[in-house]
Colleague: 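First the structure, then my questions, so here it is.
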Amino acid sequence: MSEEQQKQAFDKEAYQAGLKELQVLDFALVELNLYLNTHPGDLQAIQQFNQLAQKRQAVAQQFELQFGPLVNFGNSYSRYPWQWNETPWPWQV
Amino acid sequence: MWLYEKKLQYPVKVSKCDPMMAKFLVEQYGGADGELAAALRYLNQRYTIPDKVIGVLNDIGTEEFAHLEMIATMIYKLTKDATPEQLREAGLGTDFVNHGGDLFYNSAAGVPWTATYIAAKGDPLANLYEDIAAEEKARATYQWLIDYTDDVDLQDSLKFLREREIVHAMRFRESVEIIKADMGQKKIY
Ligand SMILES: [Fe+2]
């Protein structure tokens with residue numbers, strides 16, 4: 001695929017919807033994480049955290065298959081050619 | 001070690017080019033109560049704080065970098081299509097001649113970011129009270145910024161950041177109680 005075609009194939013709406021899905025899950029996870037830092041004995045919150053973390057992993061994997069790596073330094077896979085450099089970066093979305 | 005995640009913590013949309021608003025938003029980028037100062041303050045304090053609240057400082061400090069990126073995104077989007085003349089009219093002429101289109105860590109009034117914004121007193125309670133105040137001040141600044149724009153998309157992202165400051169202040173208050181309880185226990189011993 002030429003670069004031009006690749007740009008056309010990039011579905012901006014689906015990309016933003018995928019990001020939103022992750023942002024929603026991550027918001028709950030950040031909140032639970034910070035809460036648990038000061039309430040380490042809340043079993044129910046820990047269960048909720050672990051459940052969401054599992055779901056998050058699945059959603060992120062799906063997102064990466066479609067739109068490329070989310071995390072650098074070997075925490076995501078790349079296709080050929082190297083995908084990490086590809087736009088858009090977050091401030092360009 | 002930190003990893004970079006190629007996404008914003010919360011979406012940032014702006015509905016128009018508005019360099020004047022960007023000039024005000026810079027307060028939260030490189031100002032005394034801005035996100036850079038917050039991130040560096042907490043991450044610096046975490047090395048010596050009692051073990052029970054290291055996680056609080058570590059994770060809130062990390063989240064602040066995500067907020068810094070959101071603020072930068074707002075400033076970038078609000079100015080990227082502005083002409084030098086528009087920047088000048090918005091009061092950004094002095095920034096333009098020095099930095100061109102680049103962002104820079106200074107306050108809305110143009111004062112460069114300085115390490116004197118970082119509280120580090122070697123006393124866990126003194127540090128945490130500073131942190132609570134910093135969060136409350138950041139919350140207040142976000143409110144003034146929200147009041148200063150009629151762009152509902154921008155307001156939405158700013159409201160998210162304002163709410164985060166409230167949660168952070170709450171977690172720091174709980175940290176104070178955790179440390180006080182520990183100190184009380186040691187005295188009885
Ligand atoms: Fe904060």
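All values reported here derive from a predicted model rather than from experimental measurement.
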Colleague: Does B:Asn58 have any side-chain hydrogen bond (donor to acceptor under 3.5 Å, both in side chains) partners at least two apart in sequence or in another chain, and if so, which?
Modeller: B:Arg46
Colleague: Using the ring pair (Phe, Tyr, Trp, His ring centres under 6.0 Å) rule, pick out the option among A:Tyr77, A:Trp89, A:Phe73 that qualifies with A:Trp84.
Modeller: A:Trp89
Colleague: At a 4.5 Å cut-off on heavy atoms, which part of B:Glu177 comes close to chain A: side chain, backbone, both, or neither?
Modeller: neither
Colleague: Most heavy-atom pairs under 4.5 angstrom with chain B, which of A:Thr38, A:Leu22, A:Val24?
Modeller: A:Thr38
Colleague: Measure distances from A:Tyr35 to the heavy atoms of chain B and classify the residue's part below 4.5 Å as side chain, backbone, both or neither.
Modeller: both
Colleague: Which one wins on heavy-atom pair count under 4.5 Å against chain B: A:Leu36, A:Val30, A:Leu19?
Modeller: A:Val30
Colleague: Can you say whether B:Lys52 sits under 4.5 Å from chain A via the side chain, the backbone, both, or neither, judging by heavy atoms?
Modeller: backbone
Colleague: Below 4.5 Å, heavy atoms only, C-beta onward: do B:Ile146 and B:Leu154 meet side chain to side chain?
Modeller: no
Colleague: I'd like to know if B:Asp151 and B:Lys16 make a salt bridge, using a cut-off of under 4.0 Å between side-chain N and carboxylate O.
Modeller: no
Colleague: Check whether B:Ile178 gets within reach of chain A through its side chain, its backbone, both or neither, counting any heavy atom under 4.5 Å.
Modeller: side chain
Colleague: Please answer whether the main-chain N or O of B:Ile118 pairs with a side-chain N or O of B:Gln45 as donor and acceptor at a distance below 3.5 Å.
Modeller: no
Colleague: For B:Asp33 and B:Ala138, indicate whether the former's side chain and the latter's backbone hold a donor-acceptor pair under 3.5 Å.
Modeller: no
Colleague: Under 4.5 Å heavy-atom distance to chain B, tell me which part of A:Asn75 shows up: side chain, backbone, both or neither.
Modeller: side chain
Colleague: Side chain, backbone, both or neither: which part of B:Tyr10 has a non-hydrogen atom closer than 4.5 Å to chain A?
Modeller: backbone
Colleague: Let me know if A:Pro69 has heavy atoms under 4.5 Å from chain B in its side chain, its backbone, both or neither.
Modeller: backbone
Colleague: Is there side-chain contact between B:Glu63 and A:Leu34, with at least one heavy-atom pair below 4.5 Å?
Modeller: yes
Colleague: Select, from A:Gln23, A:Gln16, A:Lys20, the one with the greatest count of heavy-atom pairs under 4.5 Å involving chain B.
Modeller: A:Gln23
Colleague: Would you find a donor on one side and an acceptor on the other, under 3.5 Å apart, between the side chain of B:Glu27 and the backbone of B:Ala108?
Modeller: yes
Colleague: If you define the side chain from C-beta out and look only at heavy atoms, does anything of B:Ile179 sit under 4.5 Å from B:Val176?
Modeller: no
Colleague: Is chain A contacted by the side chain of B:Ile54, its backbone, both, or neither, given a heavy-atom distance below 4.5 Å?
Modeller: neither
Colleague: Listed by residue number, which members of residues 155-173 of chain B have a heavy atom under 4.5 Å from any heavy atom of chain A?
Modeller: B:Phe160, B:Arg164, B:Val167, B:His168, B:Arg171
Colleague: Are A:Glu21 and B:Lys7 close enough for a salt bridge, meaning some N to O gap below 4.0 Å?
Modeller: no
Colleague: Under the 3.5 angstrom rule, does the side chain of B:Asn127 hit a backbone N or O of B:Lys121 as a donor-acceptor pair?
Modeller: yes
